[in-house]
Undergrad: 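First the structure, then my questions, so here it is.
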Amino acid sequence: MEKIILTGDRPTGRLHLGHYVGSLKRRVELQNSGEYSKVYIMIADAQALTDNADHPDKIRENLIEVALDYLACGLDPAKSTLFIQSMVSELTELTFYYMNLVTVSRLQRNPTVKAEIQLRNFEASIPVGFFTYPISQAADITAFQATTVPVGEDQLPMLEQAREIVRRFNLTYGETLVEPEALLPANQICCRLPGTDGKAKMSKSLGNCIYLADTEKAVKDKVMSMFTDPNHLKVSDPGCLEGNAVFTYLDAFCRDEHFAAFLPEYGNLDELKAHYQRGGLGDVKVKKFLNAILQAELAPIRQRRAQWEKDIPQVYEILRHGSTVAQAHAAQTLAAVKKAMRIDYFGDAGLMAAHVARYQG
Ligand code: TRP
């Protein structure tokens, strides 16, 4: 079977290192692997509006930032279709039909929705659009017959819900939709990169993010003020790795060759960790090492971004063209869905003929 990728991001802010290790880096590898016949990368502006109805300009302004971040990371419009969700109206239509296959109580049990409702203090004032976004996400995925959805761990309940909708649809109306699979980051640490303050997750509202578009100096300043072990006061003190954001980042980003390049006294991360735990290794030295690694990773991204920033009309053209390509694919799926649902009144010549026969007596 043809292997197709679909994934995307809400354009509510610039993309950060959490997005990068959690999904973006992998997408670029998958795009370049040659294993997938199609790769769709969607900027989920319509989904972003489900909890930002009062802030349309925020979405509008961040759409271009996300597109630039995508291109900066190495997503290549020659290999991947980059598109805008709201440009593909078929997705909303599919959502409407899938709504009949999902119960309110099933949506209420979706752990991601539950967590987000809490996070946003919605309580009784949950917008219906927000509440139902897992259904719209199932439409995003199935519209492209996606087999593979590279996402972070937090999106697993969305995938499970999409799979249920597919099974329910196929059972009710006949085999039509493809059941997708999630593809998680290979490295567990990458599923949940903490913020620079050591808090659970990088999040714009907590101000603990390192953005892909940050300058070299901004990255360095953030790394040098990162949360480590609050009890590691003197260099000679033994240090703790648990909850130490600097070491968590090293787990996510450090490879053995980084030692040869930036810290040749150690052969690998285990040696560095052992020294830290023993005492005698200062935070500043570890932070400088992390900074060197991150700068090496981010420099090419920053350079590519700077190139694309000089050609914004071309970025708009990529999105416009990608949206046209995506729409053509989604239209095929919608036609198949409507046919399966018996609402293809004009595509079925036999239907009118049967009605003519009924009334000709
Ligand atoms: N929910 C995703 C996020 O918050 C964005 C998204 C929308 C998505 N539709 C999708 C991701 C379909 C994967 C597949 O970033």
Side-chain angles (χ1 to χ4, degrees), residues 4-24 26-27 30 36 38-52 58-59 62-63 65-67 69-70 73 75 80-88 90-92 94-95 98 107 110-117 119-120 129-166 177-185 191-193 201-205 209 212 322-323 326 329-330 333:
I4 298 177
I5 285 180
L6 176 117
T7 187
D9 301 274
R10 297 181 195 176
T12 51
R14 293 179 168 203
L15 301 180
H16 52 58
L17 282 183
H19 295 113
Y20 182 67
V21 292
S23 178
L24 281 171
R26 188 73 174 285
R27 286 181 208 175
L30 294 168
Y36 296 87
K38 297 190 184 84
V39 179
Y40 290 101
I41 310 289
M42 178 183 77
I43 304 183
D45 63 333
Q47 187 179 103
L49 283 166
T50 64
D51 65 331
N52 283 284
K58 175 171 140 191
I59 310 306
N62 281 303
L63 192 125
E65 299 299 333
V66 170
D69 286 333
Y70 282 169
C73 285
L75 287 173
S80 295
T81 304
L82 308 183
F83 74 99
I84 301 172
Q85 187 182 28
S86 66
M87 295 286 291
V88 183
E90 284 78 359
L91 299 175
T92 357
L94 285 171
T95 304
Y98 295 171
L107 282 172
N110 183 309
T112 309
V113 175
K114 261 193 191 164
E116 290 184 313
I117 285 172
L119 195 74
R120 288 166 178 72
F130 180 81
F131 183 62
T132 56
Y133 93 76
I135 306 176
S136 123
Q137 194 153 329
D140 301 335
I141 296 167
T142 54
F144 303 97
Q145 286 134 318
T147 51
T148 313
V149 185
V151 281
E153 204 181 26
D154 62 319
Q155 295 291 307
L156 281 182
M158 295 296 148
L159 258 291
E160 203 35 55
Q161 186 125 39
R163 290 160 63 88
E164 274 175 41
I165 291 172
V166 168
L177 301 173
V178 176
E179 204 172 312
E181 261 170 44
L183 192 63
L184 290 178
C191 280
R192 250 171 227 283
L193 194 71
K201 225 176 141 176
M202 258 195 199
S203 133
K204 198 176 67 179
S205 50
C209 303
L212 295 176
S323 299
H329 194 153
T333 304

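First listed ligand is number 1; within each ligand, the first listed atom is number 1. Since the model is a prediction, treat every value here as computed from it, not as a measurement.
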Undergrad: Can you confirm whether Leu15 sits close enough to Tyr70 that some side-chain heavy atom of one is under 4.5 Å from a side-chain heavy atom of the other?
TA: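 Yes, their side chains come closer than 4.5 Å.
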Undergrad: Which value, rounded to the nearest 0.5 Å, describes the distance between His19 atom NE2 and Leu193 atom CG?
TA: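 Interatomic distance, His19 NE2 to Leu193 CG, rounded to 0.5 Å: 11.0 Å.
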Undergrad: For the OG1 atom of Thr81 and the NZ atom of Lys38, what is their distance to the nearest 0.5 Å?
TA: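 It is 9.0 Å, given to the nearest 0.5 Å.
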Undergrad: So, do Tyr133 and Thr112 sit near enough that their side-chain heavy atoms are less than 4.5 Å apart?
TA: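 When only atoms from C-beta onward are counted, Thr112 and Tyr133 do touch, with a gap below 4.5 Å.
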Undergrad: Protein residues near ligand 1, heavy-atom distance below 4.0 Å?
TA: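 Protein residues near ligand 1 are Leu6, Thr7, Gly8, Asp9, Arg10, Met42, Ala44, Gln47, Gln137, Asp140, Ile141, Val149, Val151, Gln155.
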Undergrad: Work out which heavy atom in Ile4 is nearest to a heavy atom in Tyr36; give both atom names and the distance.
TA: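 For Ile4 and Tyr36, the tightest heavy-atom pair comes out as N-CD2, 4.1 Å.
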Undergrad: Using 0.5 Å steps for rounding, measure from the CD1 atom of Ile5 to the OG1 atom of Thr147.
TA: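 Answer for the CD1-OG1 pair, Ile5 versus Thr147, is 7.5 Å.
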